[in-house]
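Data block below; observations after.
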Amino acid sequence: MCAKKIAVLTSGGDAPGMNAAVRAVVRTAISFGMEVYGVRHGYNGLLTGEVQKMELRSVSNIIQHGGTALFTARSPEFNTPEGVQKAAAKCRELGIDGVVVVGGDGSFRGARDLTGAGVPCIGVPGTIDNDISSSEYTIGYDTAMNTAMEMIDRIRDTTESHDRCSVVEVMGRRCGDIALNTGIAVGAIATLVPEVKYDFEKDIIERIRYAQKTGKRHFIVVVAEGVGHSEDICKRIQEETGIESRATILGHVQRGGSPTLRDRVVASQMGYHAVELLRDGKSNRVVVMQGERIVDFDITEALEMPRVFDEKLYKISQDLSR
Ligand SMILES: Nc1ncnc2c1ncn2[C@@H]1O[C@H](COP(=O)(O)OP(=O)(O)O)[C@@H](O)[C@H]1O
Ligand SMILES: O=P(O)(O)OC[C@H]1O[C@](O)(COP(=O)(O)O)[C@@H](O)[C@@H]1O
Ligand SMILES: [Mg+2]
């Protein structure tokens, strides 16, 4: 059945570009003659009925803003069989026959369960981590990496002035993509990612010593959040090399800020595609990027796809940082 009255929500960690996705869903739905509702605070809004009708102007002036105008949440109540049934009942009560969920892997599991409870859902990947295995790209990733790069460039100015070593922790719970890319972009001497086991002596100390011999006097080590222990790593570097060292955890600064052009455009394409799917009577699909094209997969199959770590990019990062 083709959806006539749809809802859109943002869920999990916010990501720059989520607003562009919401705007695209709302305006596409209206141009297809559908009614569209905005759900606040992620799945929590479906449980409490925090739902409002959206018009063309409801999404004016948000495309350039970070965060999510619909707010977001991690909802423990929804993450139970009873919670999913309660949310499905609320959708039926409101006459909502399709939901676009903008979020990460956790949110997609929720979308799969809600579809199972009778409410057709479409997932749109919005997370800075780029950890959705079925998609080459997730909304917010480009902005977050550029923010991390700019912050580390600043750290480098002061690190260089003092001939120090800076250990910088970037976000990425189970995924080293932000670390790997920013590590290359800032010329880190070592980059630690959760996908590759590291040896402290070989992968950090020996690299620093070799570069010291060739005249290098300041060092940046990038550590993914999923590897952690950046304070300890920093202390050990200072103890073993005698180089004065400082640790910085970049944290949530990476999740905020105005989305880059890439995030705004990809979010617009993905939001549009999601509404096309609901218009065509599809459900339990996730919108993804494959080879720079926007396509879709079954959510359940997409969630089972293994993540592919870019070994070649990792090798490049190793060979260039000397
Ligand atoms: N296995 C699951 N089944 C149903 N709902 C889930 C599941 N995992 C997560 N969710 C819902 O999705 C929300 C967002 O997931 P989370 O993992 O926190 O963020 P993200 O979507 O960014 O990965 C959770 O708070 C929960 O309500
Ligand atoms: O803001 P919170 O809830 O502490 O979550 C932090 C986590 O969210 C992220 O920023 C994004 O992850 P999700 O997209 O899975 O929410 C991770 O990089 C980080 O580990
Ligand atoms: Mg996640």
Side-chain angles (χ1 to χ4, degrees), residues 8-18 21 39-48 50 66-68 70-88 90 99-117 119 121-135 137-145 147-148 168-182 193-195 222-228 230 249-257 263 267 284 286-288 299-300 302-305 307:
V8 56
L9 61 85
T10 52
S11 169
D14 62 310
M18 278 185 164
V39 181
R40 289 183 160 213
H41 296 109
Y43 289 119
N44 276 342
L46 281 184
L47 299 172
T48 58
E50 229 189 317
T68 162
L70 286 179
F71 305 93
T72 187
R74 302 194 196 272
S75 171
E77 188 188 348
F78 178 81
N79 197 359
T80 61
E82 301 73 39
V84 171
Q85 290 304 328
K86 190 173 162 188
K90 179 57 79 178
V99 180
V100 178
V101 174
V102 185
D105 53 344
S107 303
F108 289 173
R109 286 177 220 286
R112 176 201 57 198
D113 293 358
L114 194 56
T115 304
V119 182
C121 289
I122 306 290
V124 169
T127 166
I128 64 163
D129 282 7
N130 201 40
D131 62 350
I132 304 289
S133 48
S134 55
S135 187
Y137 190 80
T138 61
I139 297 164
Y141 176 50
D142 189 56
T143 307
M145 283 191 299
T147 302
V168 187
E169 184 175 309
V170 299
M171 271 186 169
R173 230 189 311 212
R174 283 175 297 271
C175 176
D177 284 8
I178 295 178
L180 179 56
N181 284 271
T182 53
V193 294
E195 292 87 346
V222 172
V223 179
E225 177 189 5
V227 172
S230 34
I249 296 174
L250 287 186
H252 288 80
V253 69
Q254 295 159 95
R255 278 227 311 249
D263 277 326
N284 207 43
V286 56
V287 178
V288 299
I299 292 187
T300 314
L303 283 168
E304 280 162 12
M305 290 179 184
R307 247 192 68 75

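For ligands, and for the atoms within them, numbers begin at 1 and follow the listed sequence. Position 1 is the first residue of the sequence; numbering continues from there.
- The CG atom of N79 sits 12.0 Å away from atom CZ of R74, with the distance rounded to the nearest 0.5 Å.
- Note: an N/O pair closer than 3.5 Å links R255 and ligand 2 by distance alone.
- A heavy-atom distance below 4.5 Å is found between the side chains of M171 and H252.
- For F108, there are no ring pair (Phe, Tyr, Trp, His ring centres under 6.0 Å) partners two or more places apart in sequence or in a different chain.
- Residue contacts with ligand 2: G13 is included, with a non-hydrogen atom under 4.0 Å away.
- Atoms CE and OG1, from M145 and T182 in turn, are 8.0 Å apart once rounded to the nearest 0.5 Å.
- Taking every heavy atom of D129 and a limit of under 4.0 angstrom, the matching atoms of ligand 2 come to 9 (C), 11 (C), 12 (O), 17 (C), 18 (O).
- Those atoms of ligand 2 with a heavy atom of I128 less than 4.0 angstrom away are 10 (O).
- The closest protein non-hydrogen atom to atom 14 (O) of ligand 2 is T127 OG1, 2.5 Å.
- The shortest N or O to N or O distance between H252 and ligand 2 is under 3.5 Å.
- Between Y141 and D131, the side chains place no donor N or O within less than 3.5 Å of an acceptor N or O (distance only, hydrogens not considered).
- Between D177 and R307, at least one side-chain nitrogen of the basic residue sits less than 4.0 Å from a carboxylate oxygen of the acidic one, meeting the salt-bridge criterion.
- At a 4.0 Å cut-off, at least one heavy atom of R74 sits close enough to ligand 2 to count as contact.
- How far CG of N130 is from OG1 of T138: 4.0 Å, rounded to the nearest 0.5 Å.
- Distance CG/D14 to OG1/T72: 6.5 Å, rounded to 0.5 Å.
- When heavy-atom distances to ligand 1 are checked against 4.0 Å, the residues falling inside are S11, G12, G13, Y43, R74, S75, F78, N79, G104, D105, G106, S107, R109, G110, D113, ordered by chain and number.
- Looking at D105, its N, O or S atom nearest to the Mg ion (ligand 3) turns out to be OD1.
- Between D129 and R173 the shortest side-chain heavy-atom distance falls below 4.5 Å.
- The main-chain N or O of T143 is found under 3.5 Å from a side-chain atom of D263 such that the two form a donor-acceptor pair.
- Counting the atoms of ligand 2 from 1 in the order shown, those under 4.0 Å from a heavy atom of M171 are 10 (O), 18 (O).
- Atom-to-atom distance recorded for L114:CG and L46:CG is 6.5 Å, nearest 0.5 angstrom.
- Only side-chain heavy atoms of E225 come within less than 4.0 Å of ligand 2; its backbone N, CA, C and O stay farther off.
- The protein atom (non-hydrogen) at minimum distance from atom 13 (P) of ligand 2 is R173 NH2, 3.5 Å.
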